[in-house]
Amino acid sequence: MSDFELLDPSGLPIGGSAAHDAGGDPLVDGLNPAQARAVTTRGPALLIVAGAGSGKTRVLTHRIAHLIREREAWPSQILAITFTNKAAAEMRERIEGLLGDASQGMWISTFHSACVRILRREAERFGYVSGFTIYDSADSRALLKRIIKELDADTYGFTPANSGAKISKLKNELVDAATHAATMNENDPRERLFVEIFRMYEQELKRANAFDFDDLIGQTVHLFRAHPDVAAVYQRRFRHILVDEYQDTNHAQYSLIRELTRPVEPEEVERLVPPARAKELDASGRIPPASLTVVGDSDQSIYAFRGADIRNIVEFERDFAGAEVVKLEQNYRSTQNILSAANAVIGNNFDRQEKHLWTSEGDGERIVGFTGYSQHDEARFVAEEIEDLHRAGLAYSDIAVFYRTNSQTRALEELFIRSAIPYRVLGGTKFYERAEVKDAMAYLTSIANPYDPIAWSRLLGAPKRGVGAMAEAHLANFQEAQGVSFHEAMLRAEEVTAIGPKIRATVRALGEMLVRASRMAVGGGATDVAGEDAKPAPVADVMKLVLDETDMIEKLRAKRDPQDDARAENLEELLAVAREFDVKQPGAGLLAFLTEVSLVAAADDLDDSSGTVSLMTMHTAKGLEFKAVFITGVEEGLLPHQMSVDEIGGISEERRLMYVGITRARERLYLTLASTRATFGDVSVAMPSRFLQEIPEGLIDWRQSPGEVTGRGGTASRALNAPRSSGGGSWSRTRTDSAVTFSGGGSGSGAVSEPASGNMQSALDKWRERKRLAKEAQASGGGFPNLVGGSVRDNGDLELATGDRIRHDEYGEGRVTGVSGVGTKRIAHVVFDTVGERKLLVKLAPIEKVEAGEE
DNA sequence: GTATCCTTTGTTTTT
DNA sequence: CAAAGGATAC
């Protein structure tokens, strides 16, 4: 927030260049003609269509550096929006590399961070306080849960999840409760109830002085529209706006860009402070609109579920008059085989603009395919291949494993631990989502925002101190009636006579502690206590006070559940994270810490130097690249995900996701799947993904094809290359969509970026490393229940009937008590003599019949 | 007021 | 199969 002051008051562009001629410019040399044009073109609007791996980041950074170096803009006039904090950090780093200190003062951040920054400055304009809380999805859900309970809306089928999703969708369209109420069907009681939920949700957020994720964007737009004078400040300041991953912007983000690129009309110009200089104005007395550069690739749009509207990029030229378009089509990342596969897959999407991605690299290795009998078998293959790659000299950090859903990590992690492969899971169960971490953070949140009911309610019950739901309700009523903060209400707990004296004292003591902590932390917070003299204490000190006073860590250690030890360590790690933050951003304050924590993205903590294999979803993988990439679970129902099959445009989006995954690979690509997959409870047969069929056969080197695994007859290796080795039909029969179109050529498109060093990484790294080691110890010590056998088996047509006696490799002997399912899904229910009842997949379990049953 | 057990429930992707 | 909610026991 501090570099806002670096705004050059005059905002003057010091005229065009002439300083450097086209030749011998280090910012342009070494670029291909299209890239060079993307760097040097000027005008009101520019669309850079950047195929996958086409050097997008390079072009963006060079374009910015070029603007600065040619003295067409001051750093403070640049606003660059990226998708993740990590991408922002990387861009900043690269620009610094090009410009040195001259890059100081640019805004390079995500949509969300930029908006928080603006909102913190301007919050007072519309009834918020600068110290507002940012609600993550869990907080929103907690709030909605109360509302739904209060309205008894659950009886109508409303859940925090579904109403939250609906509200989010509306907010992304910039529709608020009042607007929605005006357009809804009055006669539908369900809709009326929903509007009531929405209305209360808005109201409660405001009362809590909190914004949810969607508000950050939406309220900023609202702010600009309601206060043209505020908008004018930013419209004037940012002369060059650059947006990365433009294909994934939603309507709210689009509107934000629109607002920022409006001219400042003469009547607003007059009100500017400091006054505008003549050279800032055009002939009609306005400040001309900022120049807009967007970069994107419609083939990589994978966030429609979050409101991303592909039309933003498709209709860019119509939207922004005078827009120029530059296409980057040469790929510098992948081998031709990988590109061909990507092109073939994406070519099956119909409503797209053809692109002509090419590379001057050779074909490279063929894509390796593998079909496992189970996800364990698949994971085993992945682990073994990684070992081979590593032995061949590839660093672990050059390898990534992708999957569609986070739950797929389990099998992979297990195998990696057994194989002693160092790995790291990006996203997934995040550090900050752990209960004990959220507990501690609730204290800090409440300290920064004493009006936040969610944080307050959370801290009241953690650790347990005898204050339960009853006491909480009485206090909340008191707080509301008195119109004071929760802290103030706690200090006056003695007045709440409905609560027992003992608990009143506990509450008051806790309140005093919070007030004391607030005093320490002042500087960035909205506290309603006096004491603003001292400079804000380091975040770690505030946290230390909370942890000490509440005795959270000690209380956890005192329990004997070993899990609680890990929890205690997590809290210590959190403290370390805070210390790091204090070192990196001295004096930034509690609010900045909370903001940073709220806005961390999954990909933000990728760290190249970690020397670990990276596991992540394909969504998280966007914008990254690795020498070797494994895409796992390439199955119907998983890679086009089941949930997306009935959605309109769902399959197309899944195909783009597949395309994004494929194009992350530089040298080696592996596509793996399993023929059976355990989903909740039982095992089901999985079919190969339709996307596999879209890849020309010759590109894939099947180590084990789907045909071999699906067909009867077991492991005999037949023609390794032919997907139809087991009779063609068996695997090309995908259930719903049998219209398979083969398409050779095509195109691609893309994203770019690399690793970087992170914000709060190293403490988190340590945390993860420790987690890993703990698991490892567990693995070697106790051993895992799901041992992965050396070879896969196939019992073919083994017939089992109730009463049969069988022997299992691991469980010993037992008696069959029932058989269910048909074909490959046949499941035997067996009561073993030693381990009790188990359900087994007849086809694959390591069993043999000992004697037939009586009946 | 809290801890524990059992039932129910749901199962995509995320700033 | 997991997490989360509810009902029951302490």
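Not measured: the values here are computed from a predicted model. Numbers restart at 1 for each chain; the letters A, B, ... are given by sequence-line order, proteins then strands. These values consider heavy atoms only, across backbone and side chains, with no hydrogens, waters or symmetry-generated copies.
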Participant: In whole Å, what is the span from the CG atom of Leu426(A) to the P atom of dT15(B)?
Facilitator: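 Atom CG in Leu426(A) sits about 11 Å away from atom P in dT15(B).
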Participant: Please name all residues satisfying salt bridge (charged side-chain N to carboxylate O under 4.0 Å, His left out) with Arg458(A), sequence neighbours left out, ordered by chain then number.
Facilitator: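 Listed in chain order: Asp439(A).
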Participant: Check nucleotides 4-8 of chain C for protein N or O atoms closer than 3.5 Å to its own N or O atoms and list the pairs.
Facilitator:
| from | atom 1 | to | atom 2 | distance (Å) |
| --- | --- | --- | --- | --- |
| dG5(C) | OP1 | Lys145(A) | NZ | 3.2 |

Participant: Applying salt bridge (charged side-chain N to carboxylate O under 4.0 Å, His left out), name anything that partners Asp452(A), two or more places apart in sequence or on another chain.
Facilitator: none
Participant: My understanding is that only residues two or more places apart in sequence, or in another chain, count here; which of them pass side chain to side chain donor-acceptor pair (under 3.5 Å) with Arg306(A)?
Facilitator: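 In terms of side chain to side chain donor-acceptor pair (under 3.5 Å), with neighbours along the sequence ignored, Arg306(A) is linked to no residue.
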Participant: Using the test side chain to side chain donor-acceptor pair (under 3.5 Å), find all partners of Gln408(A) that sit at least two apart in sequence or belong to another chain.
Facilitator: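 Residues passing side chain to side chain donor-acceptor pair (under 3.5 Å) with Gln408(A): Thr405(A).
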Participant: Rounded to whole angstrom units, what separation is found between the CG atom of Asn85(A) and the C1' atom of dT14(B)?
Facilitator: 13 Å
Participant: Which protein N or O atoms sit under 3.5 Å from an N or O of nucleotides 8-13 of chain B?
Facilitator:
| from | atom 1 | to | atom 2 | distance (Å) |
| --- | --- | --- | --- | --- |
| dT12(B) | O4' | His641(A) | NE2 | 3.4 |
| dT12(B) | O2 | Arg404(A) | NH1 | 2.9 |
| dT12(B) | O2 | Arg404(A) | NH2 | 2.4 |
| dT12(B) | O4 | Glu647(A) | OE2 | 2.9 |
| dT13(B) | OP1 | Asn406(A) | N | 2.8 |
| dT13(B) | OP1 | Asn406(A) | OD1 | 2.9 |
| dT13(B) | O4' | Arg404(A) | NH2 | 3.1 |
| dT13(B) | O2 | Arg404(A) | NH2 | 2.5 |
| dT13(B) | O2 | His619(A) | NE2 | 3.4 |

Participant: If you assign Phe213(A) and Ile503(A) each to the DNA chain B nucleotide with the nearest heavy atom, which residue ends up on the more 5' nucleotide?
Facilitator: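 Nearer the 5' end of the strand: Ile503(A).
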Participant: How many Å lie between CG on Asp214(A) and C1' on dT15(B), as a whole number?
Facilitator: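 Interatomic distance, CG of Asp214(A) to C1' of dT15(B): 9 Å.
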Participant: Can you name the salt bridge (charged side-chain N to carboxylate O under 4.0 Å, His left out) partners of Glu436(A), sequence neighbours left out?
Facilitator: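 By the salt bridge (charged side-chain N to carboxylate O under 4.0 Å, His left out) rule, Glu436(A) matches Arg434(A), Arg567(A).
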Participant: Between Lys622(A) (NZ) and dT15(B) (P), how many Å, whole number?
Facilitator: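 Rounded to the whole Å, the gap is 11 Å.
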Participant: Tell me every residue that passes side chain to side chain donor-acceptor pair (under 3.5 Å) with Thr445(A), counting only those two or more places apart in sequence or in another chain.
Facilitator: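 Counting only residues at least two positions away or on another chain, Thr445(A) forms no side chain to side chain donor-acceptor pair (under 3.5 Å).
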Participant: dA4(C) and dT13(B): how far apart are their P atoms, nearest whole angstrom?
Facilitator: 15 Å
Participant: Atom NZ of residue position Lys169(A) - does it have more than 12 heavy atoms of other residues, nucleotides or ligands inside 6.0 Å?
Facilitator: no
Participant: Whole angstroms only, please: what is the CD-C1' distance between Glu596(A) and dT15(B)?
Facilitator: 15 Å
Participant: Roughly how many Å is it from CD in Gln408(A) to P in dA2(C), rounded to a whole number?
Facilitator: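 Between P of dA2(C) and CD of Gln408(A): 16 Å.
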Participant: Before you tell me yes or no, could you show the steps for Arg117(A) and Thr220(A) under side-chain contact (heavy atoms from CB on, under 4.5 Å), namely the whole-Å CA-CA distance, both residues' side-chain angles and the distance that decides it to 0.1 Å?
Facilitator: CA-CA 10 Å; Arg117(A) 217 151 149 182; Thr220(A) 307; over 6 Å; no
Participant: Sequence neighbours left out, what passes side chain to side chain donor-acceptor pair (under 3.5 Å) with Ser137(A)? Give chain and number order.
Facilitator: none
